[in-house]
Each structure stands twice: as C-alpha cells, then as structure tokens.
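Read through the structure below, which is laid out as structure tokens, and then see the notes.
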Protein chains: 2
Amino acid sequence: MARIKEVAAQAKVSVASVSRVMAGHAGVTAATRQRVLDAIKALDYRPDLAARRLRSRRTDTVGLIVSDIRNPFFTEVSRAVEDVAYQNRMRVILCNADEDPEKEALYLDLMQDENVSGVILSPTLPTLARFRPSDYSFPVVLVDRCDRDTAADAVVLDNVDSAYRLTSHLIEQGHRRIAFIYGATSATGRQRHEGYVTAMATHGLETLAKAVPATVEAARNAAGEWISRRSLPDALVASNGLILLGVTEALQAAKLRFPDQIALAGFDDLPWTRLVEPGITVIAQPTYDLGRATIDLLLQRIAQPAQAVRRVVLRGELRERGSSAKRRA
Amino acid sequence: MARIKEVAAQAKVSVASVSRVMAGHAGVTAATRQRVLDAIKALDYRPDLAARRLRSRRTDTVGLIVSDIRNPFFTEVSRAVEDVAYQNRMRVILCNADEDPEKEALYLDLMQDENVSGVILSPTLPTLARFRPSDYSFPVVLVDRCDRDTAADAVVLDNVDSAYRLTSHLIEQGHRRIAFIYGATSATGRQRHEGYVTAMATHGLETLAKAVPATVEAARNAAGEWISRRSLPDALVASNGLILLGVTEALQAAKLRFPDQIALAGFDDLPWTRLVEPGITVIAQPTYDLGRATIDLLLQRIAQPAQAVRRVVLRGELRERGSSAKRRA
DNA sequence: CTGTTAGCGCCTTCAC
DNA sequence: GTGAAGGCGCTAACAG
C-alpha cells in the first residue's frame with residue numbers, strides 16, 4: 001500500500017502538494033497537479049482514511065439509527081439515505097434500535113464515539129421526550145417521529161391530517177363505530193390517533209382506540225380481543241403497516257370478511273394491501289422521498305450548522321380500495 | 001472532550017498506563033488501575049477512535065453489501081448481522097448494491113479504503129463469477145449466493161434441494177405443466193432452477209422456465225405474458241419473495257383463482273403469503289439464522305484468518321398451504 | 001506556488 | 001510495574 005510520501009517522491013513534489021491536489025485545493029500549477037495525479041495512478045495510491053480522519057477531525061460518516069429495520073417503511077427510508085449519502089461521499093453506519101430506548105441511547109453514544117458528521121434518528125417516545133439536539137456534538141435530523149415542539153430538524157408525514165382524512169373517508173362511507181389501533185411507542189402513532197379523534201369528534205362520534213406495541217403480534221392479539229367481543233366495530237383502522245398486518249391476520253383468523261362484516265383501513269401502502277381482496281384502503285407514505293428529504297436536510301445542516309431549524313412535512317395520499325367500501329345502510 | 005493525556009494527569013500516571021488499563025492489559029497494579037478507572041470516569045473520557053484506528057491499524061468495522069435492501073430477505077439478514085456485530089463491538093457500514101455489479105465493485109473498493117475488518121456480500125452473478133477472495137485485503141463471507149466451486153466462506157440455503165422438494169410437492173399434488181420463474185441476476189435463482197429441472201426430469205415432465213430481473217415489476221410482466229397465452233400452465237413457481245409477489249399480482253390482475261385455475265408456490269415465507277386466500281405454499285428460509293451464521297463466520301474468520309474455508313448450508317422448510325392444493329383429476 | 005514542519009490522539013516498544 | 005518517546009499517515013499553518 002502506497003503512502004502519501006511515496007506519491008510525493010514519485011511526483012517529485014512535497015507531501016503538501018499531494019494533499020492539496022487531493023483536496024481539490026486551488027493554488028497548484030496544472031503541471032504539478034498532473035504529475036501528482038499521474039503518481040497517484042501509477043502507485044494506485046489510496047489515502048488512509050483513519051489518518052485523514054484523525055488529522056482533519058471529520059469522518060464524513062452519518063449514523064442511521066432506525067427504530068425497526070423490519071418495518072418496510074424504514075427499509076425504504078434507509079435505501080434513500082444510503083443512495084444520497086454515498087453520492088455525497090458519505091458513509092452510513094447502520095443501527096437498528098428495535099424500538100428500545102436503551103438501545104437508542106447506546107447507539108447515540110456510539111455515534112459520539114465515532115465522531116460522526118451527523119445522525120438520522122427515528123426516536124421512540126421516551127427518547128423523543130428527553131431529546132435535546134444540544135446534547136450532542138453532531139447534528140441530528142429526526143425522521144418519521146417528532147413532536148410539535150421538538151426543536152430539531154425533522155422530516156415527517158402530515159400524520160394528524162392523514163389520519164383525519166382516512167377516518168373521514170370511512171365516516172363518509174357510512175361507517176360509525178370506527179376503532180383505531182395504534183403504535184404506543186412513537187409520536188407518529190399518537191399523532192395519527194389525534195387525527196382520528198378529531199375526525200370522530202367533528203362528526204359527533206364516539207372513539208374506540210387502543211395503543212399497542214408496534215409489532216405484528218401485538219396488533220394481532222389486540223385486534224383478536226376486540227373481535228371476540230360481542231359487539232364488533234363497523235371499521236378498524238391501523239396506524240401503520242405492521243399493525244395493519246396484524247389486524248388483517250386477526251380478521252382472517254376470525255374468518256371475518258371485509259368490507260361486508262367489517263371495514264378496514266390503515267397506513268402504509270405495502271404491496272400486499274392490494275393483494276388481499278378486495279384491496280385495503282390506505283394512506284400511502286412517500287417513503288423514499290421522506291428518506292431523501294431527511295438525508296438532504298442532514299447534509300445541509302452539516303454544511304451550514306447555524307441555519308434555522310427546519311421541518312419538512314410530506315403529505316400522505318389516500319388510496320381508496322375495497323376494504324372501506326360503503327356500508328349497506 | 002478529554003484526551004488520554006488529561007486522564008493520565010488526573011490519575012497521576014503516564015499515558016502508557018492509561019492505555020494499558022483500557023486494553024485490559026496485565027501488568028498493572030490494582031491501585032494504579034483503580035486510579036485510572038476513576039480518572040476515566042471523572043473526566044468522562046472516551047478514547048478517540050480515529051486515533052486508535054490509525055495507530056492500531058484496525059477498524060473493528062464490517063461492511064455489509066446487500067444486493068437489494070428492499071427484499072425482506074435481506075433486511076432480516078441485515079438485522080441479524082447488525083445484532084451480532086454490535087454485540088461484538090463491531091460497527092456495520094451499510095451498502096445497498098441494488099443488484100448492480102458496478103455498484104458492488106464500487107462498494108468493495110470503498111471497503112478497501114475503509115480498511116474494514118471484513119465484508120459480508122451477496123453478489124450478483126457477474127461479481128460472483130469474477131470473485132477471488134484473495135483480491136481483497138479483508139476477509140469476505142458470501143451470503144445467500146455462491147457457486148458450488150466458489151472458494152470462499154459462505155452461508156446459503158439448500159437451494160437445489162428446496163426447489164426440488166417444492167416442485168416435487170406440486171407434482172405429487174397432481175400438477176404436471178409446472179412453470180418456473182426465477183431471478184436472472186443471482187446464483188440462487190439458478191440453483192433453484194436446477195432443483196426444479198431435476199424434479200421435473202425425475203418425473204419425466206417437460207420444463208417451462210423463464211429468467212427475469214429480480215424485481216416485482218419484471219416478474220409481474222413475465223407472468224402476465226405467460227398468462228395471456230392460450231395454454232395456461234397447471235402451476236407457477238417463483239424463485240423468491242419479490243418474484244412471487246409479482247406473479248401473484250399478475251394472477252390477480254388476470255382474475256385467476258388459485259388453486260382452482262392455477263396452482264402457485266414460491267420461496268420466502270413472507271407474511272402476506274398467508275394472507276392471500278387460501279394461502280401460498282412456500283419454502284420458508286431461516287432468514288435470521290442465515291444472517292447470524294454469516295456474521296458468526298465472519299467474526300471467526302477475522303479472529304483466525306488461516307482457518308479452512310467453510311460453507312454453511314441451512315435447510316429450507318416446505319410450508320404447504322392452499323395454493324398448491326390437489327388438482328382435480 | 002511550493003516545501004517544511006508540527007502535530008491530530010493513541011499505542012507500544014524500550015529503558016528503568 | 002511504570003514512564004518516556006517515537007511514530008501511525010495525513011493536513012494545514014507557516015515560510016519562502
């Protein structure tokens with residue numbers, strides 16, 4: 001492995017010039033520049049990143065702390081982050097916090113140790129509650145989850161609105177007893193719950209909601225309990241894709257047909273929601289765009305640490321399908 | 001941020017002793033050891049990783065180059081890798097090659113620059129064909145995809161066998177004209193195709209196979225073309241979860257009911273395969289275990305670079321569901 | 001415009 | 001058992 005010294009020797013210049021050429025720094029003759037470039041190519045020189053990072057005190061690395069990598073929403077966000085980051089010569093360190101606040105804290109610590117240039121985080125509720133950007137030596141951009149008053153860059157869906165629209169749609173379809181199952185570990189679940197509550201209240205309807213851990217199993221069990229009661233709701237709404245899956249499984253296990261016996265709707269336009277007859281009505285999230293907006297925001301923040309805190313809100317799109325069809329009066 | 005010097009000063013010892021204590025090195029008095037530990041705690045000292053890496057010439061970082069992060073198979077593998085890696089004080093750099101050989105090459109290069117301790121790779125066919133472990137300065141463990149004669153550590157499913165069993169199952173159910181749609185970009189698709197061919201040959205049946213890019217869209221189109229022909233096959237088999245999804249969508253678009261009009265089966269026990277009535281028969285892959293075996297192998301290889309090349313083969317499990325049900329003779 | 005040089009923070013011989 | 005000192009490979013400040 002060639003070192004910068006050898007490149008300098010080969011090009012008959014000083015190491016400083018080599019460094020300057022690599023940095024794309026101005027103030028180098030075209031001639032020396034070329035000699036350096038030739039030497040680099042001739043020796044197949046690749047700068048030592050560890051040395052560079054030690055000296056320059058920057059890592060060009062971003063940490064991606066995702067709350068549940070199995071959730072397709074986050075894998076798509078990760079894909080966007082990965083794409084854009086590498087296009088900008090940044091590395092991505094992947095961390096999966098598994099909806100566990102302790103793991104989140106651990107990973108944030110790790111990021112400190114790694115001296116990353118920035119972090120993307122989708123915090124659980126406890127972490128979000130404690131979250132102060134100033135606690136960290138690196139910029140943090142929140143994705144998917146943040147409170148109204150969180151003083152940090154964030155990219156989120158219009159959760160309240162989307163849930164409001166989804167619920168209103170069900171009401172318009174003639175459903176009245178609409179139940180809402182939502183993730184208890186995230187601000188997102190809460191906000192969607194809020195949108196649901198508002199929509200119900202607007203129409204003078206009683207709410208019927210349950211918070212569950214954001215897993216397929218928990219949702220399946222919760223929905224199962226509801227189903228086994230004597231009085232079935234008219235409709236069930238799930239606050240995200242994982243929960244929607246659990247609910248759908250429970251309905252199927254109980255041999256309940258939608259929309260005939262019960263209507264169904266939820267968040268996240270996963271491929272299978274079209275496959276399950278007659279299709280499930282959902283709010284589609286622009287997942288890739290959310291991810292891209294997040295890493296864009298982070299890169300900008302890294303470049304300009306002092307710029308004003310920003311919040312990007314993307315709109316969810318209602319996709320009506322058979323599962324929410326009109327109730328026969 | 002405290003430095004090792006300050007810790008040394010605070011503990012009234014030399015930096016060497018601090019370093020020794022941190023390394024858990026023997027030959028330090030319990031007394032000094034305690035003083036150092038106290039100082040570290042008092043100053044909240046955290047060693048600078050960039051400096052340590054420069055000095056020690058090791059990064060304790062593994063690269064994870066996944067061929068398609070949107071494929072749930074790989075997200076589950078990633079989860080396992082992530083889990084185990086961090087438990088072993090290793091970082092994970094995530095790369096998504098998107099089934100693109102050029103990106104794979106790019107990322108492998110990057111891993112070289114990063115001086116990673118090791119790499120996990122699920123190569124496309126072209127990359128696999130060229131692959132020589134000795135081309136890299138770090139150990140590489142292949143996951144999901146490798147040839148019989150690839151001289152590298154690898155963790156894979158028993159692809160040929162599983163496909164053989166799946167196909168045989170369909171034959172036993174009375175299906176005869178069984179078509180196979182498989183991913184053209186991976187050794188895995190090929191091997192599953194081989195198992196299919198063998199099973200068909202064993203029973204003296206003609207094969208009917210098509211290779212497609214490993215995406216939902218490509219599979220949907222391919223299946224669509226097949227379906228629109230005059231003579232429908234008895235059954236369709238998809239070589240992985242993405243392709244199975246595309247095929248299922250095509251069948252649904254054509255309003256074909258399974259198993260009545262056509263039987264269906266595939267690889268990857270994704271949640272939705274149970275949801276689509278009457279359930280799709282699949283080979284379930286032990287995805288998490290595959291990932292864990294892979295990172296385990298890599299960590300062992302890092303610890304003992306000279307050990308013999310190993311191959312771990314995990315067995316796929318046939319899960320019979322309605323979609324492959326007996327053909328009415 | 002180019003070269004010399006002083007570290008970045010840590011580990012690790014080497015003396016004592 | 002402990003400390004002093006050199007150097008990992010690079011960047012950047014300073015001279016020239």
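Throughout, protein chains are lettered first and strands after them, A, B, ... in sequence-line order, and every chain is numbered starting at 1.
- One atom, CZ of B:R33, and another, P of D:dG1, lie 14 Å apart when rounded to the nearest Å.
- Counting only residues at least two apart or in different chains, salt bridge (Lys or Arg N to Asp or Glu O under 4.0 Å) contacts with residues 100-112 of chain B comprise A:R46-B:D109, A:D83-B:K103, B:D98-B:K103.
- Between the side chains of B:Q112 and B:S137, a donor-acceptor pair is found at a separation under 3.5 Å.
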Side-chain donor-acceptor distances from residues 28-36 of chain B under 3.5 Å, at least two apart:
residue : atom : partner : partner atom : Å
B:T32   : OG1  : B:T29   : N            : 3.4
B:T32   : OG1  : B:T29   : O            : 2.9
B:Q34   : NE2  : B:D38   : OD1          : 3.0
B:R35   : NE   : B:A11   : O            : 3.0
B:R35   : NH2  : B:A11   : O            : 3.1
B:R35   : NH2  : B:K12   : O            : 3.3

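- Note on A:R79 versus A:E82: no salt bridge recorded, every NZ/NE/NH1/NH2 to OD/OE distance being 4.0 Å or above.
- Residue B:S19 is classed as a base contact, given a heavy-atom separation below 4.0 Å to a base.
- Within the 4.0 Å cut-off from OP1 or OP2 of D:dT2, at least one side-chain nitrogen or oxygen of B:T32 is found.
- Here B:R53 pairs with A:E114 in a salt bridge; the nearest charged N to carboxylate O distance falls below 4.0 Å.
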Are any protein N/O atoms closer than 3.5 Å to N/O atoms in nucleotides 4-6 of chain D? If there are, list each pair with its distance.
residue : atom : partner : partner atom : Å
D:dG6   : N2   : B:R55   : NH1          : 2.6

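- Taking atom CZ of residue A:R3 and atom P of nucleotide D:dT11, one finds them 12 Å apart after rounding to whole Å.
- Here chain A contacts DNA chain C (any atom closer than 4.0 Å to a heavy atom, that is under 4.0 Å), and the contacts span C:dC1 to C:dG9 from 5' to 3'.
- The distance between atom NZ of A:K5 and atom C1' of D:dC8, rounded to the nearest whole Å, is 11 Å.
- Proximity of a side-chain donor or acceptor of B:D48 to a complementary backbone N or O of B:A51 within less than 3.5 Å is detected.
- If you check residues 106-115 of chain B against DNA chain D, you find no residue with a heavy atom closer than 4.0 Å.
- Looking at B:S19, its side chain never comes within 3.5 Å of a backbone N or O of B:V15 through a donor-acceptor pair.
- When the shell of 6.0 Å around CZ of A:R58 is examined, it contains 12 or fewer heavy atoms from other residues, nucleotides or ligands.
- Within residues 40-51 of chain A, the residues approached by DNA chain D to less than 4.0 Å at the level of any non-hydrogen atom are A:Y45, A:P47, A:D48, A:A51, in residue-number order.
- Phosphate proximity of D:dG9 to B:R57: present, with a side-chain N or O under 4.0 Å from OP1 or OP2.
- Annotation for B:R190: atom CZ does not count as buried by contact number, only 12 or fewer foreign heavy atoms lying within 6.0 Å.
- An end-to-end axis angle of 40° holds for the helix from C:dC1-D:dG16 to C:dC16-D:dG1, taken from five base pairs per end and rounded to 10°.
- For residues 26-85 of chain A, no pair satisfies ring pair (Phe, Tyr, Trp, His ring centres under 6.0 Å), with sequence neighbours left out.
- Contact between the side-chain N/O atoms of B:T29 and the OP1/OP2 oxygens of D:dT2 is found at a separation under 4.0 Å.
- Judged by distance alone, the side chain of A:S17 and the main-chain N or O of A:V13 form no donor-acceptor pair under 3.5 Å.
- Remark: B:F131 engages B:Y136 in a ring-ring contact (aromatic ring centres under 6.0 Å, His included) (not counting sequence neighbours).
- Judged as a side chain to side chain contact (heavy atoms under 4.5 Å, CB included), and not counting sequence neighbours, the contacts of A:E99 are A:S67, A:D68, A:T124, A:R145, A:T185, A:A214.
- Every pair passing ring pair (Phe, Tyr, Trp, His ring centres under 6.0 Å) that includes a residue from residues 82-126 of chain B is listed here, sequence neighbours excluded: A:Y86-B:Y107, A:Y107-B:Y86.
- Within 4.0 Å (heavy atoms only), B:M1 reaches no atom of the nucleic acid at all.
- The salt bridge (Lys or Arg N to Asp or Glu O under 4.0 Å) contacts involving residues 296-308 of chain A comprise A:D153-A:R301, where partners must be two or more places apart or lie in separate chains.
- Judged by distance alone, with hydrogens and angles left aside, the side-chain atoms of B:T150 form no donor-acceptor pair with the main-chain N or O of B:C146 at under 3.5 Å.
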